[in-house]
Protein chains: 2
Amino acid sequence: MSPEDKPVPRAAPGRKKRLSREIVLSAALALVDAEGLDALTMRRLGQELGRDPMGLYRYAANRAALLDGVSELVLNELAIFPDDPDWQAQLRHIAHDLRLLALRHPNVVPLLVTRPLSTPLGLRPLGTLRPLEQILSLLIDAGFAPADALHVYRAYYGYLYGHILNELQELIVDPDENEALLRLGLHRLPPKDFPRLRSLAPVLANYDGAAELDQGISILLSGLAARLSPPDAQTRD
Amino acid sequence: MSPEDKPVPRAAPGRKKRLSREIVLSAALALVDAEGLDALTMRRLGQELGRDPMGLYRYAANRAALLDGVSELVLNELAIFPDDPDWQAQLRHIAHDLRLLALRHPNVVPLLVTRPLSTPLGLRPLGTLRPLEQILSLLIDAGFAPADALHVYRAYYGYLYGHILNELQELIVDPDENEALLRLGLHRLPPKDFPRLRSLAPVLANYDGAAELDQGISILLSGLAARLSPPDAQTRD
DNA sequence: AACAACTTCTCTACAATGTAGACTCTAAAC
DNA sequence: GTTTAGAGTCTACATTGTAGAGAAGTTGTT
């Protein structure tokens, strides 16, 4: 390529319409989904939008803010749940929704998990806090004392995030190579030190995330209901 | 500073003893503990060790490998547990150990959580897999069928990691400013949209992580024991 | 002792990144 | 028109990870 050329034929030549936060963030999300977090550089995103990278700073104060925006955008995909009177069913439903969300955007999960660690609770993007508020009010409406609702929320979300991390760790992108890769990887382990792990290879290979999640949630929820001031399963009002 | 000077008086002038992987990794860990992940650059670490940054590549192939090394190092702090016949007690013990580990090295937790996402199971640093193997064998020894042991492990570790993330998110470094900061943050939230969260501020402020973890573990373990082929609590042999 | 074959350490150099600051362009307000 | 504010662009710079060449140190062989 001769260095005199326009560096790259811009993404879409005709459409120089005005940018907006949403446009920028969705482009960023698309990029992360397609090529991973590292691909999301200001320059690359600018190129993707056919704009000068510096222009992006109009819509996100810096790269970190951009990342926050992306996680917020993803969390907004979480549908609002209908008001099912059965709180357990609702939590179960949300759990599966969030799981699917994570599988749809696996590259964003690290953001969802780590960004909050650097931002105190109250200062997070609002979209990030909405699920928390929703679940709290769901639980309180179901009859839990507010403080107990918080405990339930913590146990529930804790397990949920943990499960998602677990599942993504065991996820291999190419389903055909799944078992092969797994065995290949495990093959490297010294048999003396890792007998259990190695012998579990076949079980590891077919992992039913949804089922596993569902089972865990059941255990947790019934345990929580029993241990805390149990709101009558059917509230009548 | 005049640019002609030696850039920095090296950390410890006299001690030019041979480096080693452990030395490098512990220095890296110390740096991360003290100043966070971003402070861990090759140049900075080199400076900390009084060595040329390039020399570090002798002990870690690249920065990513260095990060892996740090998480491995941290995980090695997990003590081997004695062979208590009560598997539930053991798991509970390990959970608390891991929690304390996380609190001791909060800046490393993002690594523990996200690095495995980019590395297929079998290819991770061995130190990272050791807890998995240990817990599997613990469970199998306790009488679980291997496949069930895997399920228990997943639910258990899932919840455990989730809890740790939760707790670290709510952790504010300066204990005095804790409530103030929290309120300050929450104050920003629109009261219409976040009534529950706001009203829970005082409860949020004093969070007893250990108790919360313990309770969650209890729920999970008893649920797991009931649902899966329950090994007799006391194995006799 | 001298040499050779290593490992380890150091220096220089470069491409890529985030972002500051000044400039230009566009579009609405007067 | 002329002015003004904002959006978009360009240039420039400090900082990063790391390649590659060499210097210095260590060890083994003769």
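Since this is a predicted model, take the numbers as computed values, not measurements. So that the names make sense, note that chain A is the first sequence line, chain B the second, and so on, each numbered from 1.
Rounding to whole angstrom units, CG of residue B:Leu45 and C1' of D:dT15 are separated by 16 Å. The distance from atom CE of A:Met54 to atom C1' of C:dG18 is 7 Å, rounded to the nearest whole Å. What separates CD of A:Gln47 from P of C:dT17 is a distance of 10 Å, to the nearest Å. To the nearest angstrom, P of C:dG21 lies 15 Å from CG of A:Asn62. Rounded to an integer number of Å, the gap from CG of B:Leu37 to C1' of D:dT16 is 15 Å. Between the CE atom of A:Met42 and the C1' atom of C:dA16 there is a distance of 15 Å, given to the nearest Å. One can place CG of A:Asp38 at 11 Å from P of D:dT18, the figure rounded to the nearest angstrom. Following rounding to the nearest Å, A:Arg44 (CZ) and C:dG18 (P) show an atom-to-atom distance of 12 Å.
Considering only the side chain of A:Tyr57, C:dG18 comes nearest among C:dG18, D:dT9, D:dT18. Among the nucleotides C:dT10, D:dG17, C:dT19, the one closest to any side-chain atom of B:Arg51 is C:dT10. Among the nucleotides C:dG18, D:dG8, D:dG20, the one closest to any side-chain atom of A:Arg43 is C:dG18. Distance from the side chain of A:Thr41 is smallest for C:dG18 among the nucleotides C:dT10, C:dG18, D:dT9. Proximity note for B:Asp52 (side chain, C-beta onward) versus C:dC11, D:dT18, D:dT11: the nearest is C:dC11.
Between the side chain of B:Tyr159 and the backbone N or O of A:Gly216 there is no donor-acceptor pair closer than 3.5 Å. Side-chain atoms of A:Arg198 come within 3.5 Å of backbone N or O of A:Leu189 as a donor-acceptor pair. B:Thr119 contributes no side-chain N or O that, together with a main-chain N or O of B:Pro116, makes up a donor-acceptor pair within less than 3.5 Å. At distances below 3.5 Å, at least one donor-acceptor pair connects side-chain atoms of B:Tyr156 with backbone N or O atoms of B:Ala95.
Applying the 3.5 Å distance criterion, the base of D:dG6 shares no donor-acceptor pair with the side chain of A:Arg58.
Residue A:Tyr157 is tested with A:Leu91, A:Leu98, A:Leu132 for a side chain to side chain contact (heavy atoms under 4.5 Å, CB included); the sole match is A:Leu98.
Each of A:Arg63 and B:Gly55 has a nearest nucleotide on DNA chain C; the 5'-most of these lies closest to B:Gly55.
OP1 or OP2 of C:dT7 has not a single side-chain nitrogen or oxygen of B:Tyr59 nearer than 4.0 Å.
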